[in-house]
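Below is one structure, written out as structure tokens, with a few remarks after it.
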Amino acid sequence: MEGKEKDPEKKEAAGQRGYNKLIGVPMFVAVIMEENPNPLTREEDYAATSALIQNFSLLAWEQGIGMIWETYGMIHSMEFREALGVKPGEKIVGSLHVGYPDMIPAPRPRNAINQLLTIMD
């Protein structure tokens, strides 16, 4: 977050806010997938990995465990990839923040399915 802050006087505070946000998370799960050289297979693998994350999230919440799926720009940085042991040919799909929530927020209003779905005959 320090790197994103343009004002030099605010860099340290921005870094501290980022640190405080991350240090408060009880557990991180990095989801990494092998990138198949075949583009079609790689796309299907990415979709399957995303579905796995969604299913894991639903199961976690059902068990009273909070989970948020985050994807940061830093997942592309060589330092971050090396720290996690991500090899060339592997993709970080996301960082899962997992823990028991102090509170569960109220659900946000949702669009009706007929506003999001187009049925073609």
Side-chain angles (χ1 to χ4, degrees):
M1 291 182 79
E2 281 186 27
K4 290 182 180 181
E5 178 57 57
K6 294 181 183 1
D7 184 342
E9 294 180 14
K10 296 181 180 177
K11 281 187 178 288
E12 187 176 336
Q16 188 63 49
R17 279 193 311 276
Y19 175 80
N20 291 345
K21 178 182 175 183
L22 294 176
I23 200 69
V25 176
M27 181 173 74
F28 292 96
V29 176
V31 180
I32 301 164
M33 65 167 247
E34 184 177 331
E35 292 186 295
N36 191 291
N38 179 316
L40 180 59
T41 303
R42 185 170 52 244
E43 189 172 320
E44 289 176 349
D45 290 348
Y46 181 75
T49 303
S50 297
L52 172 107
I53 293 170
Q54 176 67 19
N55 289 339
F56 179 68
S57 176
L58 292 171
L59 178 62
W61 281 103
E62 183 180 285
Q63 298 298 313
I65 301 168
M67 196 196 95
I68 298 172
W69 176 2
E70 295 277 353
T71 308
Y72 308 107
M74 71 181 169
I75 66 172
H76 302 290
S77 81
M78 202 46 90
E79 296 86 1
F80 188 74
R81 292 174 60 84
E82 287 176 5
L84 292 181
V86 179
K87 301 176 194 108
E90 293 180 333
K91 176 182 184 69
I92 303 171
V93 178
S95 172
L96 312 183
H97 301 194
V98 183
Y100 291 98
D102 291 334
M103 61 157 248
I104 297 175
R108 296 178 300 189
R110 306 281 180 172
N111 292 330
I113 189 71
N114 61 353
Q115 293 176 333
L116 302 171
L117 182 65
T118 302
I119 298 175
M120 302 174 78
D121 293 318

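Hydrogens, waters and symmetry mates play no part in the numbers below; they use all other heavy atoms, side chains included.
The backbone N or O of I53 lies less than 3.5 Å from no partner atom in the side chain of S57, so there is not a single donor-acceptor pair. With R42 contributing its side chain and N36 its backbone, the two residues share a donor-acceptor pair below 3.5 Å.
Cluster annotation: I65 is connected to L96 through the hydrophobic network of ILVMFWY side chains, with a link wherever side-chain heavy atoms come within less than 4.5 Å. Residues I104 and V98 share a hydrophobic cluster, clusters being chains of Ile/Leu/Val/Met/Phe/Trp/Tyr side chains in contact below 4.5 Å. The hydrophobic clustering, which links ILVMFWY residues whose side-chain heavy atoms are closer than 4.5 Å, places W69 and L59 apart. Tracing side-chain contacts under 4.5 Å through hydrophobic residues (I, L, V, M, F, W, Y), one never reaches V29 starting from L52; they form parts of separate clusters.
To the nearest 0.5 Å, the span separating CZ on R81 from CD on E90 amounts to 7.5 Å. Between the CE atom in M74 and the CD1 atom in I92 there is a gap of 9.0 Å [rounded to 0.5 Å]. Atom OG1 of T41 and atom CD of E35 lie 12.5 Å apart (nearest 0.5 Å). Rounded to the nearest 0.5 Å, atoms CD1 (I68) and CH2 (W61) are 6.5 Å apart.
Taking both residues in full, the closest heavy atoms of V93 and S50 are given as CG1-OG, 4.3 Å, listed atom of the first, atom of the second, then distance. Of all heavy-atom pairs between G64 and Y100, the closest is O-CD2, 3.4 Å. Closest heavy-atom contact between F80 and I75: CD2-CA, 3.7 Å. Taking every heavy atom of both residues into account, P26 and G99 meet most closely at CG-CA, 3.8 Å. A pairwise comparison of heavy atoms in M67 and F56 identifies SD-CD2, 3.2 Å as the closest pair. The heavy-atom pair separating T71 from G94 by the smallest distance is OG1-CA, 4.2 Å.
Heavy-atom neighbours of E70 CD from other residues, nucleotides or ligands within 6.0 Å: above the threshold of 12.
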